[in-house]
Amino acid sequence: MKKVIKPFIGLTLVVMFVSGCSGSTKTKETQETKPLNLMSPSELTTLDTSVMLDFPDAIVQTAAFEGLYALDDKDQLIPAAAKALPEISEDGKTYTIKLRDDAKWSNDDPVTAADFEYAWKKMIDPKNGFVYSFLVVDTILNAEEISAGNKPVAELGVKALDNHTLEVKLKEAKPYFTSVLAFPTFFPQNQKFVEKMGADYGTTSENVVYNGPFVVENWKQTDLNWDLKKNEKYWDQSNVKSDKIHYEVVKEASTALNLFEDGQLDVATVTGELAKQNQSNPDYHSYPTATMNYIRLNQKRKDKDTPLENENLRKALALGIDKENLVNNIIADGSKPLYGAVTEGFVSNPETGVDFRKEAGDLMMYNKEEALKYWELAKKELGDNITLDLMITDDGSYKKMGESLQGSLEKLFSGLTINVTALPTETALNLSRESDYDMFLIYWTPDYQDPISTLNMLRTGNDRNYSNAKYDELLDDASQKYATDLEKRWETLIAAEKEGIENTAGMIIISQNQQSVLQGEQVKGLNYHTFAAPLTLKNVYKETK
């Protein structure tokens, strides 16, 4: 998520699914009145899929709405609102997608191809300024020109040919495009209802109509809890496993653990020392993710250069972080140090099957001596005393990481002062969009299954004011010159990652997250994903005995 989703944006993968405890056999009536309980690390900010900001938004929106395609439990794309995978033209630029004819909105309106056309055109309209419009700009014909105000929205390369046929034209072949369509940005919206609600659309659970497995109840912005109820109008509602799911926002892993041990939760995410202590617990489970923790390095703040405009400083900081110590002793939840922007196990060479991270190698490994050399060069250019602000979210694990980074870097670099500020996730993300920060410790999950989903974060025009003509050229070559030469495209993306992460230290990569949880044995169907929404709820249920 770009964060997004990363991007989305993206937070350690700390959304926790939970349910009430009982080992006894229950009647259908009892099952319906005792909901599955689910836990989120931060607030839900919106139900408008155009305005999505963060993981909780993506997860709830993927539960309440349905796009053309979804992910199965092995991260494979499967038809959802679409009948089948798309028909793709020989040049890879035109997608024809047939929609199922039995899908409905929760108000009984049919789901049509026009609902997708409307949502995508709303997303790209420059007057709206939506965060995730970049996904449309990156892929669909005329989107870049529309976003810049040089063409009308009507010329976006998407068209409803009839009620159940959608045609999409891309600006160039995108081998990953179908995977993009599983992301909430590309979900449909009911135009008549959206326009009726106006500015109130998506701000409460009542001001929305739904086409997904669940409908949202009892929520308005700033609420710390809400409910998901099975959508009886959903075309596949007979296969939705839970009648009701209740969410509570819980930001501290210690609180989650206490609730789990009390029998009030069936699943709790554990981090740090709590994860270490519970690794021999039979309820302990660990799931791989494609989410990374990293530090954004902003080079211009309020129209003034920050110290991070200095490449020597960026390299000193990147080389001066002992990731092994930070990950094993501070995060300590099974996560792994990460030495590149593309996570391990996320995507493989399309010709050889070799994992991207293995083929690209390790970048910017901890090197105290080299870090100090770059520090001395930076001080000659910036002065002996350098002060940086580090923004973190108020999630407990990020507080620990921020404090550890502050202490270790100030100890290593004489004359460095780091001021740490912890903020609610939404506040921090909004400040990052405005480039109002120096450093920002945050997370990222890819929006779609391709290295460029992450690498695009450093393309010129980003919110950390990194600009590198060579880097941009490599990404352009991968997207345009080698769009259909998959091996050459792969080599070019590896070169781009090295240019951005190692040659110029555009951002500092910390770790690849592992989702560590305590999970009651009766909870089934937790589907974790490496892109799009990090979890899906359609198959979640509590097995009764």
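Along the sequence shown, the residues carry numbers beginning at 1.
- Under the 3.5 Å distance criterion, the side-chain polar atoms of Ser432 are matched with a main-chain donor or acceptor of Leu429.
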Working note: Asp463 + Arg433, criterion salt bridge (charged side-chain N to carboxylate O under 4.0 Å, His left out); need CA distance, chi angles, decisive distance, verdict. CA-CA 6 Å; Asp463 60 14; Arg433 289 178 61 194; over 6 Å; no

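- Judged by a 6.0 Å distance limit and a 45° cone about the ring axis, Lys538 is positioned over the six-membered ring of Trp235.
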From CA spacing to verdict: salt bridge (charged side-chain N to carboxylate O under 4.0 Å, His left out), Glu351, Arg489: CA-CA 11 Å; Glu351 300 294 334; Arg489 180 178 184 272; over 6 Å; no

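- Between Lys122 and Asp48 a salt bridge is recorded (basic side-chain N to carboxylate O distance below 4.0 Å).
- Ser516 places none of its side-chain heavy atoms less than 4.5 Å from the side chain of Tyr287.
- Without hydrogens or angle criteria, Asn278 side chain to Asn281 main chain gives no donor-acceptor distance under 3.5 Å.
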Step by step, would you call Asn231 with Val240 a side-chain contact (heavy atoms from CB on, under 4.5 Å)? CA-CA 9 Å; Asn231 181 1; Val240 178; over 6 Å; no

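- Within the 3.5 Å criterion, the main-chain N or O of Glu426 finds a donor-acceptor partner in the side chain of Asn430.
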Would you sort out whether Asn258 and Thr255 count as a side chain to side chain donor-acceptor pair (under 3.5 Å), showing the intermediate values? CA-CA 5 Å; Asn258 290 336; Thr255 304; 5.6 Å; no

Would Asp200 and Lys220 satisfy salt bridge (charged side-chain N to carboxylate O under 4.0 Å, His left out), going step by step from the backbone distance to the final call? CA-CA 11 Å; Asp200 291 332; Lys220 61 181 182 299; over 6 Å; no

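- Taking CD from Gln519 and NE2 from His285, the interatomic distance works out to 4.5 Å, rounded to the nearest 0.5 Å.
- Heavy atoms only, all atoms of each residue included: Ala532 and Ala182 are closest at CB-O, 3.8 Å.
- Looking at heavy atoms from C-beta onward, Glu195 lies in side-chain contact with Tyr118 at the 4.5 angstrom threshold.
- Using modelled atom types, one side-chain atom of Ser106 and one backbone atom of Tyr210 make a donor-acceptor pair closer than 3.5 Å.
- Under the 6.0 Å cut-off for aromatic ring centres, Phe186 and Trp120 qualify, their centroids lying closer than that.
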Candidate pair Phe130 and Thr185, rule side-chain contact (heavy atoms from CB on, under 4.5 Å), full reasoning: CA-CA 10 Å; Phe130 293 137; Thr185 294; over 6 Å; no

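- Lys524 is listed as a side-chain neighbour of Glu543, based on a closest heavy-atom distance under 4.5 Å.
- To the nearest 0.5 angstrom, Leu423 atom CG is 8.5 Å from Ile392 atom CD1.
- Interatomic distance, Met292 CE to Ser335 OG, rounded to the nearest 0.5 Å: 13.5 Å.
- Judged by distance alone, the side chain of Asp115 and the main-chain N or O of Thr112 form a donor-acceptor pair under 3.5 Å.
- Salt-bridge annotation for Lys399 and Glu403: absent, with no side-chain N of the basic residue lying under 4.0 Å from a carboxylate O of the acidic one.
- A side chain to side chain contact (heavy atoms under 4.5 Å, CB included) with Pro188 is found for one member of Thr49, Leu166, Asn211 and no other, namely Asn211.
- Asn328 places a side-chain N or O within donor-acceptor distance of the main-chain N or O of Glu324, the cut-off being under 3.5 Å.
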Could you walk me through whether Lys174 and Thr139 pass side chain to side chain donor-acceptor pair (under 3.5 Å), step by step? CA-CA 7 Å; Lys174 301 287 184 183; Thr139 53; over 6 Å; no

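- With contacts defined as side-chain heavy-atom distances shorter than 4.5 Å, the pair Met52/Phe183 qualifies.
- Across every non-hydrogen atom of Met457 and Tyr294, the tightest pair is SD-OH, 3.6 Å.
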Apply side-chain contact (heavy atoms from CB on, under 4.5 Å) to residues Tyr69 and Thr178 and explain how you reach the verdict. CA-CA 8 Å; Tyr69 302 102; Thr178 305; 4.0 Å; yes

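- For Leu181 against Ile97, the heavy-atom pair with the smallest separation is CD1-CD1, 3.9 Å.
- Using a 4.5 Å heavy-atom cutoff, the side chains of Tyr95 and Leu170 are in contact.
- When every heavy atom of Glu206 is checked against every heavy atom of Asn218, the shortest pair comes out as OE2-N, 4.3 Å.
- Phe531 has its ring centre no less than 6.0 Å from the ring centre of Tyr448.
- Within a 6.0 Å radius of NZ in Lys229, other residues, nucleotides and ligands contribute 12 heavy atoms or fewer.
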Decide yes or no on side-chain contact (heavy atoms from CB on, under 4.5 Å) for Tyr284 and Val270, but give the supporting numbers first. CA-CA 9 Å; Tyr284 179 87; Val270 287; 4.1 Å; yes

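- Between the side chain of Thr343 and the backbone N or O of Phe346, no donor-acceptor pair lies under 3.5 Å.
- Contact annotation: the side chain of Val60 never approaches that of Trp219 to less than 4.5 Å [non-hydrogen atoms, C-beta and beyond].
- Here Leu493 contributes atom CG and Asp450 contributes atom CG; the two are 6.5 Å apart, rounded to the nearest 0.5 Å.
- Within the 4.5 Å cutoff, side-chain heavy atoms of His246 are placed close to those of Asn225.
- When only modelled atom types and interatomic distance are considered, Tyr201 and Gln189 share no side-chain donor-acceptor pair under 3.5 Å.
- Under the 3.5 Å distance criterion, with hydrogens and angles disregarded, no donor-acceptor pair is assigned to the side chains of Asn527 and Asp73.
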Between His529 and Asp75, is a side chain to side chain donor-acceptor pair (under 3.5 Å) present by the stated rule, with each step listed? CA-CA 6 Å; His529 305 295; Asp75 272 5; 2.8 Å; yes

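- Here the CG-CD1 distance, from Leu441 to Ile510, works out to 7.0 Å after rounding to the nearest 0.5 Å.
- Scanning both residues, Thr393 and Ala428, for their nearest heavy atoms gives CG2-CB, 4.5 Å.
- To the nearest 0.5 Å, the span separating CD on Gln61 from OG on Ser50 amounts to 8.5 Å.
- Side-chain atoms of Ser511 do not come within 3.5 Å of backbone N or O of Asn513 as any donor-acceptor pair.
- Within the 4.5 Å cutoff, no side-chain heavy atoms of Asp447 are placed close to those of Val180.
- A salt bridge does not link Asp72 to Lys74: none of the charged nitrogens lies less than 4.0 Å from a carboxylate oxygen.
- Side-chain N or O atoms of Ser404 include none that pairs as donor or acceptor with a backbone N or O of Lys400 at under 3.5 Å.
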Could you walk me through whether Glu344 and Lys336 pass salt bridge (charged side-chain N to carboxylate O under 4.0 Å, His left out), step by step? CA-CA 10 Å; Glu344 182 181 345; Lys336 298 183 293 186; 3.2 Å; yes

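- Checked by atom type and distance alone, the side chain of Glu497 pairs as donor or acceptor with a backbone atom of Ala341 at under 3.5 Å.
- Taking the six-membered ring wherever Trp is involved, the centroid distance between the rings of Trp490 and Phe356 falls below 6.0 Å.
- Outside the 6.0 Å centre-distance limit, the rings of Phe187 and Phe65 are not counted as a close aromatic pair.
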